Amino acid sequence: MIVFRGGSVVTADGIQKRDLYIDGGKIVPPGEAEQVVDVSGCLLFPGFIDSHTHLDMPVSGTVTADSFPSGTAAAVAGGTTVVIDFATQDRGHTLAEALDVWHTRADGRCACDYGFHMAVTDWNERTKKELPRMAEAGITSFKGYMAYDNLRLDDEDIRAFAAAAGEQGAFVGMHCELGGMVNSGVAALLAAGHTAPKYHPLSRPNEVEALAVRRFLELARMARGLPWIVHLSTREGLAEIDAARELGQSVLVETCPQYLTLTDEVYARPDFEGAKFVCSPPIRSAADRDALWQAVEDGRVDILSTDHCSFNFAGQKEIGRGDFSKIPNGLPGLETRPALLWTAGVAAGRITAADMCRLLSAAPAKAMGLWGKKGALEPGFDADIVVWDPAYRGTIRAADQETQCDYSPWEGFTVTGRAREVWLRGVKAAEDGRCLRKGGGQYLYRKPPIIN
């Protein structure tokens, strides 16, 4: 038995000054400990969960910079002990085939525990019949796209998909951008000779997200489904969610650190540097950022994920020189999410440590069917522990990170607080920002979500 002595345990309800005991990879009641870990002055968080990642994924004629080994090493270095990645169906193929591919990419190669959502791109009767089999395989959440010609579903498919998933008690996450409007916007800008990265956000203005959010929520309401809005980026989209909730609709809402800490000024950086920030939905205005922060403070945002989808600037983002639409869309963020939320949220006085626990641990554990195993430091839960040092001061530099991406969107940012140690099921997996072991992660068979 090991005891963590001298620290304070963080829950979604508050902070408790108490020692924490672990044995056999689990949190246990107090007992006779053979090993003492001195955590004086530190906070003990449940391992953080990132429920939106894209690792080892083919995109735009290339493959993400981070594979499962490097991406999960980056995750655990920053305090994230669970990632849930998106296995993605190819059109004309089955969900089972997609799941096999993702298991091949991840199994035996992860530094933290992991699970999969299933992204559906080809809705038909065969796909519908596979949904129960996905539940048996531990897949209890799904995703669809309203953008990207090779991925998007039409309205009736979305309605039927949400209905079928809802019958299983499963969330359907949706990439909410109206694909036709995006295509028209891109074509018009390129025809006018506007090819630089700064035109990327202009090709998908706020209304493109807001109208898609409204449509998806209406379709999900008709279907009696469980909607999950992924990577919310706009105040208009937030207003649509607020209106749906006023009608009594239950909506799971996610945003990401880039929408809380950056503004669209990044796209105007010289020397094509703006390409580093090309993601969809794009980074928005300061007014959008402030509205999202208010929603985080009010508890209207349920979870904070990364949408980690990393591409190197050299050789990958640079593909889009002369045509912004060819820049691979996505940012790295797995490693920096906890420190950014602590710095911009807790240390800035916007939220409490308990709020951070809710956003990064408790709420995603409940929504993603992991509660009882992950998300809290209570007897019977896995001993996934983040020893958080609030006194740490440092600077984000890509050269210091585990990610294989050659840049960080937050290069040079000063952060307060970081994970001093990270324990995965009772074994120390990271210390002082370095991953200590490249394997050890287990696949998680998830249960249906707990709906608040």
Side-chain angles (χ1 to χ4, degrees), residues 10-15 43 45-46 48-52 171 173-174 176 206-207 209-214 216-218 220-221 226-264 281 283-307 333 337-368 371 375-376 388 390 416-417 449-452:
V10 185
T11 75
D13 299 315
I15 300 176
L43 299 175
F45 281 95
F48 302 134
I49 299 168
D50 192 337
S51 50
H52 191 150
F171 279 112
M174 190 60 61
C176 290
N206 287 27
E207 292 76 15
E209 177 179 89
L211 291 171
V213 168
R214 179 192 299 178
F216 173 52
L217 293 180
E218 288 173 345
R221 191 159 55 242
L226 298 174
W228 164 25
I229 304 298
V230 303
H231 50 49
L232 179 69
S233 69
T234 63
R235 58 194 186 278
E236 292 89 348
L238 177 63
E240 296 292 345
I241 293 165
D242 289 340
R245 284 173 164 170
E246 288 177 6
L247 295 174
Q249 188 171 15
S250 178
V251 186
L252 180 68
V253 179
E254 164 197 288
T255 193
C256 307
Q258 54 267 34
Y259 306 120
L260 296 175
T261 59
L262 303 172
T263 69
D264 54 6
I283 295 161
R284 306 291 187 177
S285 69
D288 293 298
R289 179 198 59 195
D290 294 345
L292 290 175
W293 264 119
Q294 189 62 57
V296 169
E297 294 172 35
D298 294 344
R300 288 178 289 152
V301 170
D302 301 294
I303 58 178
L304 186 76
S305 306
T306 60
D307 193 13
R337 176 184 61 143
L340 289 169
L341 183 59
W342 180 272
T343 302
V346 182
R350 287 187 169 111
I351 60 172
T352 65
D355 292 326
M356 179 165 163
C357 181
R358 172 180 59 83
L359 288 160
L360 300 191
S361 302
K366 292 176 181 178
M368 300 302 154
W371 186 253
W388 191 263
T416 63
I450 297 173
I451 310 297
N452 292 329

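Quick caveat: nothing in here was measured; it's all calculated off a predicted structure.
Between the side chain of S305 and the backbone N or O of D307 there is no donor-acceptor pair closer than 3.5 Å. Distance alone, capped at 3.5 Å, places no donor-acceptor pair between the E240 side chain and the L211 backbone. Looking at E254, its side chain does come within 3.5 Å of a backbone N or O of H231 through a donor-acceptor pair. Side-chain atoms of D355 come within 3.5 Å of backbone atoms of T352 as a donor-acceptor pair (strictly under, hydrogens ignored).
Under the salt bridge (charged side-chain N to carboxylate O under 4.0 Å, His left out) criterion, D288 pairs with R235, not counting sequence neighbours. With sequence neighbours excluded, no residue forms a ring pair (Phe, Tyr, Trp, His ring centres under 6.0 Å) with W293.
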Stepwise side chain to side chain donor-acceptor pair (under 3.5 Å) check, D264 with S285:
CA-CA 5 Å; D264 54 6; S285 69; 5.4 Å; no

Stepwise side chain to side chain contact (heavy atoms under 4.5 Å, CB included) check, W342 with L43
CA-CA 12 Å; W342 180 272; L43 299 175; 3.5 Å; yes

Could you check R284 against S233 for side chain to side chain donor-acceptor pair (under 3.5 Å), going step by step and ending with a plain yes or no?
CA-CA 7 Å; R284 306 291 187 177; S233 69; 3.0 Å; yes

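When each of V213, V230, I241 is checked for a side chain to side chain contact (heavy atoms under 4.5 Å, CB included) with V253, only I241 meets the rule.
The shortest distance between side-chain heavy atoms of R337 and L360 falls below 4.5 Å. The closest side-chain heavy-atom distance from W228 to I303 is below 4.5 Å. Between W371 and P449 there is no side-chain heavy-atom pair separated by less than 4.5 Å. You'll find the side chain of V296 reaches within 4.5 Å of the side chain of L260, heavy atoms only. Inter-residue side-chain proximity for I49 and S361 is flagged as unmet; no heavy-atom pair is nearer than 4.5 Å. Between T234 and P281 the shortest side-chain heavy-atom distance does not fall below 4.5 Å. With contacts defined as side-chain heavy-atom distances shorter than 4.5 Å, the pair R300/L232 does not qualify.
The minimum heavy-atom distance linking G333 with T306 is given by the pair O-CG2, 3.6 Å. Nearest heavy atoms, M356 versus L341: CG-CD2, 3.7 Å. Closest non-hydrogen pair, P364 versus S51, comes out as CB-OG, 4.5 Å. Residues C176 and A212 share a closest heavy-atom pair of C-CB, 3.4 Å. Here the shortest heavy-atom pairing between R358 and D302 reads NH1-O, 4.0 Å. In plain terms, the two heavy atoms of V10 and A353 that are nearest each other are CG1-O, 3.5 Å.
Considering CD of E236 and CZ of R214, their distance stands at 11.0 Å, rounded to 0.5 Å. How far OH of Y259 is from CG of L304: 11.5 Å, rounded to the nearest 0.5 Å. How far OG1 of T261 is from CG of L340: 5.5 Å, rounded to the nearest 0.5 Å. Expressed to the nearest 0.5 Å, how far CZ of R245 lies from CG of L247 amounts to 12.5 Å. To the nearest 0.5 Å, atom CG of residue L359 and atom OG1 of residue T255 are 10.5 Å apart.
Side-chain polar atoms of T263 and R289 form no donor-acceptor pair below 3.5 angstrom.
Ring geometry for F45 against W388 counts as perpendicular: the plane angle is over 60°, on a 0 to 90° scale with 30° as the lower cut.
Remark: D290 does not engage R350 in a salt bridge, criterion side-chain N to carboxylate O under 4.0 Å.
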